[in-house]
Colleague: 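What follows is a structure written as structure tokens; I'll ask about it next.
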Amino acid sequence: MLERWIVKHWIALSAGCLLMAAAVRMAYAAIGGEWAIIPIVFLIEWFIKARRREARRKCRNTRA
């Protein structure tokens, strides 16, 4: 189960880990801010998928 989840979200996980590495270096500026990066990346992924679904739905509705 966990393996399927990782495979499904590997882009978001990879981007989150890379951003986390950069954020840890700047952690002194915003304490705890580095932990918000991974959820933010998942939020961005969800937003992109939602927009794609919406575009597909509109495309299906315009077909005759």
Colleague: Other residues, nucleotides and ligands only: do more than 12 of their heavy atoms fall within 6.0 Å of NZ on K8?
Modeller: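 Not more than 12 within 6.0 Å, no.
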Colleague: Do you reckon L13 sits in the same ILVMFWY cluster as I11, going by side-chain contacts under 4.5 Å, direct or chained?
Modeller: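 No, separate clusters.
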Colleague: Distance from F47 atom CZ to R52 atom CZ, nearest 0.5 Å?
Modeller: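 The distance works out to 12.0 Å.
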